[in-house]
Colleague: 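The structure under discussion is supplied below as structure tokens; questions concerning it will follow.
All residue numbers in this chain count up from 1 along the given sequence. The basis for the numbers below is simple: all heavy atoms, side chains too, and nothing from hydrogens, waters or symmetry mates.
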Amino acid sequence: MTRPIPEMDTAELRDIAVRGGIQGAREMDREELIDALVARPGEGAWQEDTKPADVNPNDYYYQPPDGR
């Protein structure tokens with residue numbers, strides 16, 4: 001069973017970050033490592049797709065939200 005990220009020591013965090021491909025992980029301090037690992041759930045950040053699922057991507061026109 002794995003421990004939560006904030007409970008791991010710095011060496012463990014650095015090892016996970018390096019294996020996960022986070023650039024500059026060897027120079028990061030503990031807080032930076034935690035932030036970088038939490039920001040990459042599942043070792044890859046995913047951006048939400050804004051278009052409806054049943055729309056052809058070639059026909060979809062993105063309209064930004066009103067609160068620019």
Side-chain angles (χ1 to χ4, degrees):
M1 186 162 143
T2 60
R3 294 182 301 173
I5 289 176
E7 294 179 9
M8 294 181 180
D9 65 18
T10 306
E12 289 176 295
L13 295 171
R14 186 166 287 119
D15 185 47
I16 292 168
V18 169
R19 283 186 289 140
I22 296 175
Q23 294 180 348
R26 295 189 192 280
E27 293 80 31
M28 291 182 181
D29 63 17
R30 179 178 173 73
E31 293 302 316
E32 290 173 324
L33 288 166
I34 291 172
D35 290 342
L37 290 169
V38 170
R40 296 182 59 169
E43 297 186 2
W46 293 95
Q47 184 175 356
E48 184 178 336
D49 192 359
T50 58
K51 67 176 176 39
D54 61 343
V55 174
N56 182 337
N58 296 326
D59 296 335
Y60 185 74
Y61 176 72
Y62 174 75
Q63 295 178 344
D66 293 332
R68 293 181 199 196

Colleague: Give, for atom OG1 of Thr10 and atom CD of Glu31, the distance between the pair rounded to the nearest 0.5 Å.
Modeller: 9.0 Å
Colleague: Work out which heavy atom in Glu27 is nearest to a heavy atom in Glu32; give both atom names and the distance.
Modeller: O-OE1, 4.4 Å
Colleague: Which heavy atom of Arg14 sits nearest a heavy atom of Ala25, and at what distance?
Modeller: NE-O, 3.3 Å
Colleague: Between Met8 and Ile16, what is the shortest heavy-atom contact and its length?
Modeller: SD-CD1, 3.5 Å
Colleague: If you compare all heavy atoms of Val18 against all heavy atoms of Arg26, which two are closest, and at what distance to 0.1 Å?
Modeller: CG1-NH2, 3.6 Å
Colleague: Please report the interatomic distance CG(Asp9) to CZ(Arg3), rounded to the nearest 0.5 Å.
Modeller: 6.5 Å
Colleague: Which atom pair, heavy atoms only, marks the closest approach of Ile34 to Pro6?
Modeller: CD1-CA, 4.3 Å
